[in-house]
Amino acid sequence: MKIFLLSIISLLLAFPCFADQRTTVLDNVSSNGLGKIVSPYIDGSTDTTLEASLNRVIDDEVAKLVKKAGKNASLTYTVMLNRPSLVSILLKAEGNKTVYKGLNLDITTGKEFTLNDFFVNNDSVKDIVEMKNFVLGEKAILHPSSSDGDYDNAIEYGKVLENVRIGEAGRIFQVARLTDKSASKTLHLEGSGLVAIKLASNPSTGFSWQIMPTSGVKEIGRSFNMPNMNDSRTGVPGEEIIVFAVSGEGLHSINLQYKRAWEKSYAQSFMVNIKVD
């Protein structure tokens, strides 16, 4: 379990080439009698089979929505959230009536994803996680008030951020990566987000980094990174990696103390300010 968690957090902290490139979405223009259809088209994937599957999903949903809108309907789309491995798109068809449809496309599977794929479903967020009609935005989950209606209701990510599946978190949220050099400085986040802090640690001594209670900040995962995973010696110093969910507008702070759990005194401390805009 520890090795699995370490692998997940290591992925969050990795800096692979082109990792932050967005999914390529192009206009696919066609006609529907007197109506103009401008639908999204996915390109540039490393897996052409999955890419073709996604474009079939798009074509099917476009056809259904245009039919609902009525004869000679036109269609447009808006990309609501674009990430390297997923994209959320809102379709809008206008004919005898105006109808909307959200598409949430997983580039890694060739299928649509659900909120349950990214957030742990428990009693506190069950009504959110089980929603079928939604799109992801930059700062919130958007959903309609009525069937086929505009996605004009917003649920800020801060309400579900603590329930994020840590292995999937980096696919939606930008993860701020901090080290001890960030001490006493201020990080700005555009909306609720994730902060991963990497600090020197040696748990074999009984010491670990412990968070001091702070409003708006919650630890959602941690692991210990050995400097050499092939080193069989015990007591080798390494790095403790801690991931925090930070939610709510305003100024927050992450306060950590390097100490033994049973002692009041601490050997080191670390503090960083987080300003959520």
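Along the sequence shown, the residues carry numbers beginning at 1.
Between the side chains of N121 and E130, at least one donor N or O lies within less than 3.5 Å of an accepting N or O. For N153 and S145, the side-chain atoms include at least one donor-acceptor pair closer than 3.5 Å. Side-chain contact annotation: S124 with N122, donor-acceptor N/O pair under 3.5 Å present.
Rounded to the nearest 0.5 angstrom, K198 NZ and E239 CD are separated by 5.0 Å. In this structure, CG in L256 is found 9.0 Å from OG in S269, a value given to the nearest 0.5 Å. To the nearest 0.5 Å, the span separating CD1 on I241 from OG1 on T179 amounts to 12.0 Å. The distance from atom OH of Y266 to atom NZ of K259, rounded to the nearest 0.5 Å, is 9.5 Å. We find the CG-CG distance between L105 and L81 to be 11.5 Å, quoted to the nearest 0.5 Å. Rounding to the nearest 0.5 angstrom, the gap separating the OG atom in S192 from the CD1 atom in I274 is 12.0 Å.
Looking at every heavy atom in both residues, L161 comes nearest to G193 through CD2-O, 3.2 Å. Closest non-hydrogen pair, H252 versus E249, comes out as NE2-O, 4.2 Å. Taking every heavy atom of both residues into account, A196 and V175 meet most closely at CB-CG1, 3.9 Å. Closest of all the heavy-atom pairs between L26 and T24 is CD1-CG2, 3.7 Å. Here the closest non-hydrogen pair linking P203 and F224 is CD-CE1, 3.3 Å. The heavy-atom pair separating T108 from S85 by the smallest distance is CG2-CB, 3.8 Å.
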Kindly list each side-chain donor-acceptor pair under 3.5 angstrom involving residues 27-34, sequence neighbours excluded, with atom names and distances?
| from | atom 1 | to | atom 2 | distance (Å) |
| --- | --- | --- | --- | --- |
| D27 | OD1 | Y77 | OH | 2.5 |
| N32 | ND2 | A73 | O | 3.3 |

What pairs of donor and acceptor atoms, side-chain ones from residues 53-63 against any protein atom, are under 3.5 angstrom apart with sequence neighbours left out?
| from | atom 1 | to | atom 2 | distance (Å) |
| --- | --- | --- | --- | --- |
| S53 | OG | G110 | O | 2.8 |
| N55 | OD1 | I42 | N | 2.8 |
| N55 | ND2 | I42 | O | 3.0 |
| N55 | ND2 | E51 | O | 3.2 |

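Residues satisfying the ring pair (Phe, Tyr, Trp, His ring centres under 6.0 Å) criterion with Y157, sequence neighbours excluded, are F173. In this structure, the ring pair (Phe, Tyr, Trp, His ring centres under 6.0 Å) partners of F207, at least two apart in sequence or on a different chain, are Y258.
Residue V195 forms a side chain to side chain contact (heavy atoms under 4.5 Å, CB included) with just one option from V246, I242, V217, and that option is V246.
Connection of L115 to V125 is established within a shared hydrophobic cluster, with ILVMFWY side chains joined at heavy-atom distances below 4.5 Å, either directly or through further cluster members. There is a path of hydrophobic side-chain contacts, each under 4.5 Å, that joins I211 to L199. Following chains of ILVMFWY side-chain contacts shorter than 4.5 Å, one cannot reach L50 starting from V25, and the two form parts of different hydrophobic clusters. When hydrophobic clusters are built by joining Ile, Leu, Val, Met, Phe, Trp and Tyr residues whose side-chain heavy atoms come closer than 4.5 Å, directly or via intermediates, V79 is grouped together with I107. Note on V164: it clusters hydrophobically with I128, by side-chain heavy-atom contacts below 4.5 Å among ILVMFWY residues.
Atom CG of D277 sits in a crowded spot, with more than 12 heavy atoms from other residues, nucleotides or ligands closer than 6.0 Å. E263 CD: more than 12 foreign heavy atoms inside a 6.0 Å radius.
The backbone N or O of V276 lies less than 3.5 Å from no partner atom in the side chain of H188, so there is not a single donor-acceptor pair. Of the possible polar contacts, none joining the N104 side chain to the I89 backbone as a donor-acceptor pair under 3.5 Å is found. No donor-acceptor pair closer than 3.5 Å links the side chain of R171 to the backbone N or O of L86. Checked by atom type and distance alone, the side chain of R222 never pairs as donor or acceptor with a backbone atom of F244 at under 3.5 Å. Looking at R260, its side chain never comes within 3.5 Å of a backbone N or O of S265 through a donor-acceptor pair. Between the side chain of K71 and the backbone N or O of K67, no donor-acceptor pair lies under 3.5 Å. Using modelled atom types, no side-chain atom of W209 and backbone atom of F270 make a donor-acceptor pair closer than 3.5 Å. Checking side-chain atoms of R83 against main-chain N and O of Q174 turns up no donor-acceptor pair under 3.5 Å. With S253 contributing its side chain and N255 its backbone, the two residues share no donor-acceptor pair below 3.5 Å. Under a 3.5 Å cut-off, the side chain of T48 and the backbone N or O of T46 do not form any donor-acceptor pair.
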Q: Take V129 and N163 through the side-chain contact (heavy atoms from CB on, under 4.5 Å) test and state the conclusion after the steps.
A: CA-CA 10 Å; V129 173; N163 292 83; 6.0 Å; no

Q | Chi angles and distances behind the side-chain hydrogen bond (donor to acceptor under 3.5 Å, both in side chains) call for D47, S45 | A | CA-CA 5 Å; D47 191 319; S45 170; 5.9 Å; no

Q. After noting the C-alpha distance and the side-chain angles of L187 and N273, does the key distance pass the side-chain contact (heavy atoms from CB on, under 4.5 Å) rule?
A. CA-CA 6 Å; L187 169 70; N273 295 310; over 6 Å; no

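Contact annotation: the side chain of R165 never approaches that of F118 to less than 4.5 Å [non-hydrogen atoms, C-beta and beyond]. Here the side chains of S208 and E240 are in contact, with some heavy-atom distance below 4.5 Å. You'll find the side chain of R22 stays beyond 4.5 Å of the side chain of V87, heavy atoms only. Counting heavy atoms from C-beta outward, Q257 and Q268 have side chains that stay 4.5 Å or more apart. With contacts defined as side-chain heavy-atom distances shorter than 4.5 Å, the pair K275/L189 does not qualify. Residues K36 and T76 are not in side-chain contact: their nearest non-hydrogen atoms beyond the backbone lie 4.5 Å or more apart. Side-chain contact between V243 and I166 is present, with heavy atoms from C-beta onward closer than 4.5 Å. In this structure, H143 and N133 have side chains that are not in contact, with every pair of non-hydrogen atoms separated by 4.5 Å or more.
Ion pair D148/K68 flagged as a salt bridge, since at least one NZ, NE, NH1 or NH2 atom sits closer than 4.0 Å to an Asp/Glu carboxylate oxygen. Here K92 does not pair with D150 in a salt bridge; the nearest charged N to carboxylate O distance is not below 4.0 Å. Ion pair K159/E156 not flagged as a salt bridge, since none of the NZ, NE, NH1 or NH2 atoms sits closer than 4.0 Å to an Asp/Glu carboxylate oxygen.
Its side chain within the 4.5 Å cluster rule, M80 clusters with L90, Y100, V135, L142, Y151 among the Ile, Leu, Val, Met, Phe, Trp and Tyr residues. Using a 4.5 Å cut-off between side-chain heavy atoms of Ile, Leu, Val, Met, Phe, Trp and Tyr, W262 forms no hydrophobic cluster with any other residue.
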